[in-house]
Amino acid sequence: MCAHAYIGSIILMESQITLIFFAKSQELSGLKDSQLSVPQSVSYSQLLSLILQAFPRLEPISENLILSLNEDYISVEEEVITLQTGDEVGVIPPISGG
Amino acid sequence: MCAHAYIGSIILMESQITLIFFAKSQELSGLKDSQLSVPQSVSYSQLLSLILQAFPRLEPISENLILSLNEDYISVEEEVITLQTGDEVGVIPPISGG
Amino acid sequence: MDHVEITVDKLNVERIQSSVASPKCGAISLFIGTTRDHFDGKEVVQLEYEAYRPMAEKKMKEICQQIRDKWPVENISVVHRVGVVPVCEASIVIALSSPHRKEAMEAVQFAIDTLKATVPIWKKELYGDGTSSWKENKECCWKSDHT
Amino acid sequence: MDHVEITVDKLNVERIQSSVASPKCGAISLFIGTTRDHFDGKEVVQLEYEAYRPMAEKKMKEICQQIRDKWPVENISVVHRVGVVPVCEASIVIALSSPHRKEAMEAVQFAIDTLKATVPIWKKELYGDGTSSWKENKECCWKSDHT
């Protein structure tokens, strides 16, 4: 289920992930969820940049988001995140449950 | 309401107190409550001795009792307890509420 | 509100919890003491509580005051059941509300620790083998050495 | 028993408490988070909770496991309400039973602290002046600096 994108001479394997938005990230993006094509392997900061690029309205909370992958938080220090088509990435603003 | 008791040449002022028994002290004494004449002024250890003398069945728990006066614990170090007729003294075995 | 009560009725946790709720408060902490079905390997078939009622209520009110001296709590309710308490049912419910949760939880812990050390209430366990025993809280400073 | 739940229904404290009771246990500790009617001097007229439901339940189950790694508890129930929660009503109930009370109280404190730091649920306060605000727990490590 991977698309092949040619950038210069490099073949990047891409995956189609599902982004889901909550609370403030849902209000700012105006979306509950969305699809995004991303490289199969990215660092945390690359993934965040790609999301902010695709959804610039998230900029106001760009410093206060955490991303999740398939219902687990991703560490902001993660260098190699492997993403497969169908993976669910949460765009998670500061929580306030309890 | 004080009785006058002549012991030798000393006049002791006495008070009639109400003793109340609970749990093990009630089981051992076989009583829920009882009257006892005691001096108007006693130390804690004197009061305890008088009670044990009057109710020798309490002997098995004599080391594990606390006395109360009008719903407050009396300190075992109390040297001067002033007792008036009608005062309520509790004979309190180790507690187990909660 | 400070509410202390000794009752023969089954304790209603929902009612006690509602009674301490306050729109000013974000936290309610509750402790519920329940009766166990065994002690030292022996089956407990029945539990019975007895109280020196006026003194117990007085000591419970003193605990409320001590809590207020230490923590900014809103409402406090301490209810102890007496008489026969079937296994699994509550013998004591302590509930209190406060604006924030830390003080509510600390105050409940203080309340049950202090109650076990100072409030004149006694529990008798009746065992499956026909024997029975008056219990002694380890928090009670005049307890027997062997317990 | 580990029970975690996210529900739109009003929380029933009595039911949750009964569900963790056990004849092996002498203690049940409960924490109840209730909604307050004011924040920073502003009147709160409505509160609404939203959850990333499957992840929230997963994180709540992880908290149960962490509790079991630390304390010998018997039954755990963690129930969070979502949707509109009227002032004074409970948004969260954490209940757990253990043979002795100390571990029950410590575990509940751990559970609410950890829930506030890790479980993806959000609260929006609507104020009397028509404004509203998404809240941020101070326990949340990626919160904004200004809160």
Side-chain angles (χ1 to χ4, degrees), chain A residues 17-36 43-52 55 57-79 81 83-84 86-98, chain D residues 4 6 31-36 39 47-63 78-82 85 90-94 108-109 111-125 132-147:
Chain A
I17 60 169
T18 301
L19 289 176
I20 38 179
F21 303 96
F22 303 95
K24 192 108 184 172
S25 79
Q26 190 174 103
E27 280 186 358
L28 289 172
S29 69
L31 296 166
K32 288 204 162 195
D33 52 68
S34 183
Q35 302 295 308
L36 188 66
S43 72
Y44 183 91
S45 57
Q46 284 168 335
L47 181 59
L48 182 60
S49 294
L50 287 168
I51 292 169
L52 292 170
F55 303 94
R57 289 181 181 179
L58 293 175
E59 195 53 48
I61 56 166
S62 63
E63 307 275 298
N64 303 109
L65 286 179
I66 280 283
L67 300 176
S68 65
L69 172 59
N70 297 333
E71 300 162 16
D72 277 312
Y73 293 108
I74 316 175
S75 162
V76 297
E77 274 136 40
E78 191 63 55
E79 288 298 330
I81 303 164
L83 295 166
Q84 296 184 292
D87 277 350
E88 186 171 284
V89 170
V91 180
I92 299 186
I95 57 177
S96 41
Chain D
V4 306
I6 289 172
F31 174 79
I32 302 159
T34 51
T35 57
R36 296 164 65 182
F39 172 75
L47 275 138
E48 200 164 350
Y49 285 87
E50 175 185 331
Y52 180 3
R53 209 161 170 149
M55 180 167 168
E57 285 174 350
K58 186 175 182 177
K59 294 295 145 194
M60 286 153 80
K61 277 182 201 142
E62 285 176 12
I63 293 172
V78 182
V79 187
H80 204 299
R81 184 171 173 187
V82 290
V85 179
S91 53
I92 171 99
V93 177
I94 298 173
V108 162
Q109 195 144 2
I112 179 65
D113 289 350
T114 309
L115 184 142
K116 288 202 166 237
T118 66
V119 175
I121 295 177
W122 299 269
K123 173 167 71 172
K124 189 183 200 168
E125 286 183 352
S132 69
S133 166
W134 287 103
K135 308 299 291 179
E136 302 183 0
N137 288 340
K138 65 176 193 301
E139 296 82 0
C140 170
C141 59
W142 65 96
K143 72 175 193 298
S144 315
D145 290 336
H146 61 270
T147 57

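Note that these values count all heavy atoms, side chains included, but never hydrogens, waters or copies made by symmetry. Numbers restart at 1 for each chain; the letters A, B, ... are given by sequence-line order, proteins then strands.
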Next item on the list: Would you confirm whether Ser96(A), through its side chain, and Asn137(D), through its main-chain N or O, come within 3.5 Å as a donor-acceptor pair?
Entry: no
Margin query: Are more than 12 heavy atoms, taken from residues, nucleotides or ligands other than Gln84(A), located less than 6.0 Å from that residue's CD atom?
Written below: no
Check: Are the side chain of Trp122(D) and the backbone of Phe22(A) linked by a donor-acceptor contact shorter than 3.5 Å?
Finding: no
Note to self: Do Trp142(D) and Tyr73(A) have side chains that approach each other closer than 4.5 Å (heavy atoms only, starting at C-beta)?
What the structure shows: yes
Checklist line | Portion of Asp72(A) that has a non-hydrogen atom of chain D nearer than 4.5 angstrom | finding: both
Margin query: With a 3.5 Å distance limit and no angle check, can you tell me whether Tyr52(D) reaches the backbone of Phe21(A) through a side-chain donor-acceptor pair?
Written below: no
Item checked: Where Val119(D) and Ile95(A) come nearest, the two heavy atoms and their spacing -> O-CD1, 3.4 Å
Checklist line | Interatomic distance, Lys24(A) atom NZ to Lys135(D) atom NZ [nearest 0.5 angstrom] | finding: 12.0 Å
Next item on the list: Say whether Trp134(D) and Glu27(A), considering side chains only, have a donor N or O and an acceptor N or O under 3.5 Å apart.
Entry: yes
Margin query: Under 4.5 Å from any heavy atom of chain A, what part of Ala56(D) do you find: side chain, backbone, both or neither?
Written below: neither
Item checked: Segment of Glu57(D) engaging chain A (4.5 angstrom heavy-atom cut-off) -> neither
Next item on the list: Measure the spacing between CD of Glu50(D) and CD of Gln26(A) and express it to the nearest 0.5 Å.
Entry: 5.0 Å
Next item on the list: Measure the spacing between NZ of Lys58(D) and CG of Asn70(A) and express it to the nearest 0.5 Å.
Entry: 7.5 Å
Checklist line | Side-chain donor/acceptor of His80(D) to backbone N/O of Gly98(A), under 3.5 Å | finding: yes
Item checked: Closest contact, heavy atoms only, Pro94(A) versus Ser144(D) -> CG-N, 4.2 Å
Next item on the list: Find the one option among Pro54(D), Gly33(D), Ala51(D) whose heavy-atom pairs under 4.5 Å with chain A are most numerous.
Entry: Pro54(D)
Notebook entry, point to check: Between Pro93(A), Gly90(A), Ser68(A), which has the largest tally of heavy atom pairs under 4.5 Å with chain D?
Noted result: Pro93(A)
Note to self: Need one label for Leu65(A): side chain, backbone, both or neither, based on atoms under 4.5 Å from any heavy atom in chain D.
What the structure shows: backbone
Notebook entry, point to check: When you look at CD of Glu63(A), are more than 12 heavy atoms from neighbouring residues, nucleotides or ligands closer to it than 6.0 Å?
Noted result: no
Next item on the list: Measure distances from Lys116(D) to the heavy atoms of chain A and classify the residue's part below 4.5 Å as side chain, backbone, both or neither.
Entry: both
